[in-house]
Amino acid sequence: MMSFENEAANALRELANRVDPVEPGLNTFYELDLASLTDDRKKSVREELVLHLSASNTAIYSISLPDADPALVYQALTSARDDKVDERCYSQVLRLPHHPSMALYVGSSRDLAKRLMEHLGFGPKKTYSLHLRHWATQFGKVRINVRFYPASTDKAVLRALEEHLANKLVPLFGRRGPV
């Protein structure tokens with residue numbers, strides 16, 4: 001009889017065998033001035049995202065504020081979350097590491113433009129995301145790095161790639177899994 005630990009090891013090996021042959025598509029980035037995230041620009045921001053990030057809807061991504069001090073960003077989102085700014089559901093605040101990362105968030109999506117609009121602050125209040133335009137406009141620009149994958153990429157494989165990127169970048173916010 002196989003032990004639970006052996007079962008887990010076999011499952012991880014099987015997942016690794018499914019991740020190994022995955023070929024990424026385009027790797028790119030997009031930058032946007034946070035002060036420009038106004039209500040009247042919602043449509044044009046979405047159009048820009050679709051234009052610049054249209055290689056596929058299936059992707060893993062990281063979001064950073066390259067001109068900002070990570071400790072100040074951490075404090076600002078923690079305050080927005082604690083104070084329930086605009087009654088929004090903000091991403092989970094992780095423990096501040098000794099050497100804070102420039103990465104705010106790492107995620108994956110099969111509808112990239114929609115998910116990024118939520119992080120920028122144009123989504124529903126009850127969706128857990130960064131909601132950047134509601135608390136971060138003073139931090140300059142936002143940078144979104146994206147790795148596209150075929151739409152046929154298995155959900156577990158996409159999640160494993162996301163977790164690996166998160167382990168490398170150590171984002172300040174978001175839900176992290178056990179992988």
Side-chain angles (χ1 to χ4, degrees), residues 23-81 85-86 88-94 96-97 99-125 127-151 153 158 161-176:
E23 293 288 332
L26 179 68
N27 296 325
T28 190
F29 71 93
Y30 180 67
E31 290 185 344
L32 185 64
D33 180 12
L34 287 162
S36 73
L37 299 178
T38 59
D39 285 334
D40 60 329
R41 288 224 43 239
K42 179 179 181 177
K43 183 179 178 184
S44 64
V45 168
R46 181 166 176 77
E47 289 170 355
E48 287 175 36
L49 286 174
V50 169
L51 177 67
H52 288 94
L53 303 175
S54 61
S56 170
N57 278 329
T58 302
I60 60 173
Y61 60 90
S62 65
I63 299 173
S64 61
L65 303 180
D67 299 330
D69 176 346
L72 293 177
V73 171
Y74 184 87
Q75 183 179 36
L77 182 53
T78 301
S79 293
R81 183 178 167 92
V85 170
D86 196 34
R88 293 189 171 269
C89 294
Y90 292 93
S91 296
Q92 181 176 339
V93 177
L94 302 174
L96 185 63
H99 298 288
S101 169
M102 293 303 289
L104 298 183
Y105 191 94
V106 170
S108 62
S109 181
R110 292 197 182 273
D111 189 348
L112 185 62
K114 178 180 182 248
R115 185 63 177 139
L116 293 178
M117 288 295 285
E118 293 166 353
H119 284 302
L120 293 174
F122 292 112
K125 290 182 177 187
T127 298
Y128 284 92
S129 64
L130 292 173
H131 299 284
L132 288 165
R133 75 186 194 109
H134 297 282
W135 63 271
T137 56
Q138 72 275 20
F139 291 118
K141 65 185 173 189
V142 59
R143 181 180 173 112
I144 304 166
N145 291 296
V146 182
R147 297 179 66 89
F148 292 102
Y149 293 93
T153 304
L158 195 63
L161 293 165
E162 174 191 344
E163 287 299 322
H164 180 67
L165 183 60
N167 287 336
K168 287 180 66 136
L169 297 181
V170 190
L172 298 175
F173 309 107
R175 181 180 45 85
R176 294 282 42 103

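From a predicted model like this one, the values you see are computed outputs, not experimental measurements.
- The closest donor-acceptor contact from the side chain of S129 to the backbone of E118 lies under 3.5 Å.
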Derivation of the side-chain contact (heavy atoms from CB on, under 4.5 Å) call for L172 and L77 = CA-CA 10 Å; L172 298 175; L77 182 53; over 6 Å; no
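- Scanning all heavy atoms of the two residues, the minimum distance from P171 to A166 falls at CD-O, 3.4 Å.
- Panel note: side chain R110, backbone N57; no donor-acceptor pair is recorded below 3.5 Å.
- At a threshold of 4.5 Å between non-hydrogen side-chain atoms, the residues L104 and V142 do not count as touching.
- With no hydrogens or angles considered, a side-chain donor-acceptor pair links E162 and S108 at under 3.5 Å.
- Under the rule for a side chain to side chain donor-acceptor pair (under 3.5 Å), the partners of D40 that lie at least two apart in sequence or sit in another chain are T38.
- The shortest side-chain heavy-atom distance between V85 and Y90 falls under the 4.5 Å cut-off.
- F173 approaches S91 most closely through the heavy-atom pair CB-CB, 4.2 Å.
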Run the numbers on L37 and H134 for side-chain contact (heavy atoms from CB on, under 4.5 Å), then give the verdict.
-> CA-CA 9 Å; L37 299 178; H134 297 282; over 6 Å; no
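- In this view, K125 and D86, R88 satisfy the side-chain contact (heavy atoms from CB on, under 4.5 Å) rule, not counting sequence neighbours.
- Judged as a side-chain hydrogen bond (donor to acceptor under 3.5 Å, both in side chains), the pairs with a partner in residues 24-35 (not counting sequence neighbours) are, in order, Y30-E48, E31-K141, E31-R143.
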Let me have the donor-acceptor pairs involving side chains of residues 63-73, under 3.5 Å, with sequence neighbours excluded, atom names and distances please.
{"unit_1": "D69", "atom_1": "OD1", "unit_2": "A71", "atom_2": "N", "d": "2.9"}

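- Scored by the side-chain contact (heavy atoms from CB on, under 4.5 Å) test, V50 finds R46, A113 as partners (sequence neighbours excluded).
- Of the residues L34, D39, L120, the one that meets the side chain to side chain contact (heavy atoms under 4.5 Å, CB included) test with R133 is D39.
- In terms of heavy-atom proximity, I144 sits nearest to V146 at CG2-CG2, 3.8 Å.
- Taking S36 as the reference, R41 meet the side chain to side chain donor-acceptor pair (under 3.5 Å) condition, with sequence neighbours excluded.
- Of all heavy-atom pairs between H119 and Y61, the closest is NE2-OH, 3.0 Å.
- A distance of 11.0 Å separates CD1 of I60 from CG of L112, quoted to the nearest 0.5 Å.
- Checking side-chain atoms of S101 against main-chain N and O of L169 turns up a donor-acceptor pair under 3.5 Å.
- When atom types are taken as modelled, the side chain of W135 and the backbone of L130 share a donor-acceptor pair closer than 3.5 angstrom.
- From F122, atom CZ reaches atom OG1 of T127 across 14.5 Å, with rounding to the nearest 0.5 Å.
- Nearest approach of T58 to A151, heavy atoms of both residues: OG1-CA, 3.5 Å.
- When all heavy atoms are compared, the tightest approach of V106 to S62 is CG2-CB, 4.1 Å.
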